[in-house]
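Naming: A, B, ... by sequence-line order, numbering from 1 per chain. Note that the structure is predicted; figures quoted are calculated from it, not measured.
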Amino acid sequence: MQVPLSVEPTVKFGKEKLNIWHDRKQALINAPILPYFYSYEKLDIPEAKISQVRAKALSSFKERTFYKYEFESRQELVDARNKIRDERGRGVTFEDNIPFVIRNRIDNPELFLKYPHKKELAFHHIDIEQYIKPGKPAPELDDRITAISWAGNDRKVKSIFLGKDSLTDKKLLQKYLELNPYQNIDVLTLYNKTYDMPTIINRCNACRIDITKFSKNGVKPSIGGEEGTSIEGITIYDIYDSASGDQSLTGYVPNRGLKAVSDHFKFKGKGRVLTKEQMIELIGTKDLVEYNKDDVKRLMLLFDIYWGAIEYKAEALKIPLNLATNLSMTDLGLVVLGDLYREHNIIADGENWSRYPEIFQREKDKHEPNFQGALVDIKRTGVFEKVKKADYSSMYPNIAMTFNLGPDTTTLLEYKPYGKFKIIEEENWFIYEIPDDVLKKNICIQVMKKPGFLAKKIEMFLKARAHHKKLAKELDSKAEKAKSDTYKVFANGSVGYGIHGAAHHPFGFAPMAIATTGFGRQCAQLLIDILEELYSKSVIEIDTDGVYFYVKEGYEFNKKKVIEAFNNRIVEKFKRPLNLSIDIDEYPKGYFYAMKNYVLVNEKGELIFHGGAFKSSRQCNMSKKLKEEIAWAKLDKKDERPIIDKYRKLDFELEDFAMNVKMGQHPNQYSNQTGFVMSLARQAEAHFGIKPRIGNQYYYVKSYSGYKLLELASKDDLDTNYYQKEIDKVIKMFDISPATVSIDKWL
DNA sequence: GCTATCAGGCTACCT
DNA sequence: ACAGGTAGCCTGATAGCG
């Protein structure tokens, strides 16, 4: 690679250093820049080194003088910034919350190329199994590890496992470390970084095994905190991060667990999938080892799918590998926009929050949005045959590119009374009046005709994407596919209305987000109108950039005609041709229930559920199975009654009635401490000593005495009334009640 | 005391 | 602490009814 394995900031003797690992060597260098922020004002900060710089302000694109405040350490910067925020509020200091490694990368784009990891990366793919005490829902810290499987670059899976009667895992761990010197490992691949490595390290601690062996410089690994596990000289790649962000899986996998995702990619293993009970029962047997080995093979299957994009991303952005393994949209935006702002000598003079107070600081309810987003609607419900989906490819980046949006071209001019979308063309610019139903105003956005730098950058990304996508198809190449996906992410990250619409992203530019979503709504509506006209009231559901519609008897679907009509309408509406293309997918049948909630049958005859109403992970198995059976009956026009009668008997295992919920926040963040999730968390703490923690998952059932953890419930305690009502709900979902039938259907 | 309805808090999902 | 948008579950408050 051209880039290092990892870079982390660290303070030594009060000075900011960069801790760089490359080719299994550590380089502790002085950071080439000091932590800094800007302000328009001359502030009284004695500890800072103050200088003046001339640059263009992001808000006005006019040249201004800024004071630059440099600090000895990040902590000094944070303290000074927070003091000013406390006294004066936000908005006095600018670019004051950029992670230091990224700030270094933006200001010295070639910096990390001086520390390349040239050796072939040594991977270590790993999975462990752990004992669970009978009756307990999950393993605990003192539970022994029963098996470890791993593979290196040779892909040969090896295992080490505990005998049935061994009560300690000390020898197993010692042997594992002996067989796998961490000195020779660069990248640890696993699924769920909060489990395997912390567990191994905890078990080593419990067994008094020296854990400094894990790191390359004798420093103890850290396992706690929100940062997760970190080991000096090693980068941890959690494939779950890639799988959970993979949009192409939506609707095709029941969850983002290792098994579901690898099954989706046609995993073929030797072992069978074991239940929790079997995993305990089969300790010390070949079955458990095969199961454990299969998980490593699943891991490697997914590794081959996702790794290419990680390494490519690191090199394309010139960032260390550890930053690329779980690059957030925020950080991607910082790098891509940071490069552009540096090249054009722009300083972001405040965040959206302070630059557009009328949008981001107005009085509103707790979860009310700041501005209007995408168009979402359902026009017709029920079963439809020959369902098609027309969607824009990369809609938002294409809009930003075609409409020439960017900080240098786009300005929020003024607000007008809420009304219709309007375009006014002048010699050098367009003015777009964008109605916003959140702000209840028309937002007037001026866009210059002179080509802008951000639109140009996005065009470059989209062209690169198209190029690699074509190659991927022609050569059936995973590497090209990874490149294509990477450029799609880059294009999204630089326009990503998520970043430009964020209140506190340092480089966000709200007019861009408002224009992007505003044009998005117009384009979606255009597509709806055309399909409604061509196939007579054919549109079913709309979500952002995709329109589901059906072609009824007597109409002939013609893709060319749709696209032609679409292009004509674009010219009519926007007074010029736009570079927006649409794709069309087909499904033999579909059942549409509500916005974002529908069931499709694809060409292969598979049932694909969309939306929380159908596939919410919190619902019980009984309800899920019922939905699946009724969906098939409904789509095949068969009688649902026998299915319902069968389910009415509630003849299932206790587990099939278990619902589940995950703690979404830290215990002290719950405004309602007596709320549902907290009450389950308290039960778990009282009975099993499980500390309430963000991310904890609780399985529960409804009993006559209230909601109970699954482990505390028995079958004859179940609230049958509640579960009968669950069945009623499913029936209602598929039985089209008058309230959900569109007016058309009655006419 | 029971049932229906609604708002608010929260999770889970979609683009 | 990247955005907005929708559905559904659960709780607690309130209203209507007998």
Side-chain angles (χ1 to χ4, degrees), chain A residues 97 99 226 244-245 247-251 254-256 327-334 337 351-353 359-360 365-378 389 391-392 394-396 436-438 489 492-510 512-514 516-518 520-521 524 541-547 593-598 609-620 623 659-665 669-680 694-695 697-698 700 702 706-707 722 725-726 729-730 732-733 740:
Chain A
N97 55 348
E226 285 169 30
S244 72
Q247 283 196 15
S248 73
L249 299 177
T250 307
N255 58 62
R256 299 298 166 105
L327 189 67
S328 63
M329 267 294 170
T330 311
D331 291 352
L332 173 63
L334 285 172
L337 294 168
E351 305 163 332
N352 282 325
W353 190 83
I359 297 173
F360 293 94
D365 289 342
K366 207 174 165 192
H367 289 293
E368 208 184 313
N370 291 316
F371 56 91
Q372 190 183 356
L375 184 65
V376 182
D377 198 6
I378 186 154
K389 185 188 192 191
D391 66 358
Y392 290 90
S394 297
M395 184 171 83
Y396 286 144
D436 188 300
D437 71 0
V438 170
V489 172
N492 277 322
S494 44
V495 298
Y497 89 93
I499 286 167
H500 290 301
H504 298 300
H505 191 285
F507 293 159
F509 186 67
M512 192 147 175
I514 288 165
T516 308
T517 53
R521 293 193 295 276
E541 197 253 13
I542 304 105
D543 191 351
T544 312
D545 59 353
V547 181
Y593 164 63
M595 295 180 222
K596 297 174 188 276
N597 285 277
Y598 49 87
F609 285 102
H610 277 257
F614 291 110
K615 53 187 263 199
S616 177
S617 59
R618 63 185 292 167
Q619 65 190 262
C620 66
S623 181
M659 300 161 276
N660 84 83
V661 67
K662 214 188 260 177
M663 268 191 102
Q665 21 189 358
Q669 286 174 320
Y670 281 89
S671 62
N672 182 358
Q673 287 290 319
T674 57
F676 177 69
V677 183
M678 278 307 292
S679 78
L680 285 176
I694 188 167
Q697 195 161 19
Y698 302 105
Y700 67 96
K702 177 74 161 73
Y707 292 94
Y722 174 90
K725 275 189 191 152
E726 283 291 293
K729 274 187 230 160
V730 178
K732 226 177 184 175
M733 247 174 118
T740 56

Side chain to side chain contact (heavy atoms under 4.5 Å, CB included) evaluation trace for A/Ile499 with A/Leu337: CA-CA 10 Å; A/Ile499 286 167; A/Leu337 294 168; 4.1 Å; yes
message: Run the side-chain contact (heavy atoms from CB on, under 4.5 Å) test against A/Asp391 and tell me which residues pass, sequence neighbours left out.
response: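 If we apply the side-chain contact (heavy atoms from CB on, under 4.5 Å) test to A/Asp391, skipping adjacent residues, the hits are A/Lys389, A/Asp583.
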query: What residues, two or more places apart in sequence or in another chain, satisfy side-chain contact (heavy atoms from CB on, under 4.5 Å) together with A/Ala502?
result: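 Applying side-chain contact (heavy atoms from CB on, under 4.5 Å) to A/Ala502 gives A/His505.
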Is [X] close enough to [N] that one of its side-chain N or O atoms is under 4.0 Å from OP1 or OP2 there?
X: A/Tyr593; N: C/dT6; value: no
X: A/Lys615; N: C/dA7; value: no
X: A/Thr674; N: C/dT11; value: no
X: A/Lys596; N: B/dA12; value: no
X: A/Thr544; N: B/dT15; value: no
X: A/Tyr700; N: C/dC10; value: yes
X: A/Tyr396; N: B/dT15; value: no

Can you tell me how far [atom2] of [N] sits from [atom1] of [X], to the nearest Å?
X: A/Asp543; N: C/dA3; atom1: CG; atom2: C1'; value: 13 Å
X: A/Met512; N: C/dA3; atom1: CE; atom2: C1'; value: 14 Å
X: A/Lys725; N: C/dC10; atom1: NZ; atom2: P; value: 11 Å
X: A/Ile499; N: C/dA1; atom1: CD1; atom2: P; value: 14 Å
X: A/Met395; N: C/dG4; atom1: CE; atom2: P; value: 16 Å
X: A/Asn597; N: B/dC13; atom1: CG; atom2: C1'; value: 8 Å
X: A/Glu368; N: C/dT6; atom1: CD; atom2: P; value: 13 Å
X: A/Tyr598; N: C/dT6; atom1: OH; atom2: P; value: 15 Å

query: Hey, are the side chains of A/Lys662 and A/Val677 touching, using non-hydrogen atoms and a 4.5 Å cut-off?
result: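 In short, these two side chains do not touch, never coming nearer than 4.5 Å.
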query: Does the side chain of A/Asn352 come within less than 4.5 Å of A/Asn370's, by heavy atoms?
result: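 No; the side chains remain at least 4.5 Å from each other.
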message: Is the ring pair A/His500/A/Phe509 parallel, tilted or perpendicular, if the boundaries are 30 and 60 degrees?
response: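 Judged by the thresholds at 30° and 60°, the geometry between A/His500 and A/Phe509 is perpendicular.
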query: So A/Tyr700 and A/Tyr707, would you call those rings parallel, tilted or perpendicular, with 30° and 60° as cut-offs?
result: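 A/Tyr700 vs A/Tyr707 ring planes: perpendicular.
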- line: Base-pair string, DNA chain C, Watson-Crick plus G-U, cut-off 3.5 Å on both distances, | for inter-strand, is ..|||||||||||||||.
- request: Look at all strands and tell whether A/Asn370 reaches a base, only sugar-phosphate, or nothing, counting heavy atoms closer than 4.0 Å.
  value: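 Sugar-phosphate contact only.
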message: Mind checking if A/Tyr722 touches a base, just sugar-phosphate, or nothing, with heavy atoms under 4.0 Å?
response: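 If one applies the 4.0 Å heavy-atom cut-off, A/Tyr722 turns out to touch the sugar-phosphate alone, with no base involved.
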task: Write down the distance separating the P atoms in B/dC10 and C/dA1, rounded off to the nearest Å.
output: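 My reading of the P atoms in B/dC10 and C/dA1 gives 14 Å.
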message: List the residues meeting salt bridge (charged side-chain N to carboxylate O under 4.0 Å, His left out) with A/Asp545, not counting sequence neighbours, and say none if there are none.
response: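 Checked A/Asp545 against salt bridge (charged side-chain N to carboxylate O under 4.0 Å, His left out); zero matches.
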Set of salt bridge (charged side-chain N to carboxylate O under 4.0 Å, His left out) partners for A/Glu541, sequence neighbours left out: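 If we apply the salt bridge (charged side-chain N to carboxylate O under 4.0 Å, His left out) test to A/Glu541, skipping adjacent residues, there are no hits.
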task: Could you say whether A/His505 or A/Asp437 is positioned toward the 5' end of DNA chain C, judged by the nucleotide with the nearest heavy atom to each?
output: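 That would be A/His505.
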message: Within this structure, what is the OH-NE2 distance for the pair A/Tyr598 and A/His610, rounded to the nearest 0.5 Å?
response: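 Taking OH in A/Tyr598 and NE2 in A/His610, the distance rounds to 4.0 Å.
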message: As an exercise, state the distance from OH of A/Tyr670 to CE of A/Met678, rounded to the nearest 0.5 Å.
response: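 It comes to 7.5 Å.
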Consider the side chain of [X], meaning its heavy atoms from C-beta on, and name the nucleotide among [options] that approaches it most closely.
X: A/Pro369; options: C/dA7, C/dC10, C/dG5; result: C/dG5
X: A/Val376; options: B/dT15, C/dG5, C/dC10; result: C/dG5
X: A/Ala594; options: C/dC2, C/dA7, B/dT15; result: C/dA7

message: For a quick check, with a 4.0 angstrom heavy-atom cut-off, what is the B/S/- contact string for nucleotides 3-11 of chain B, read 5' to 3'?
response: ------SSS
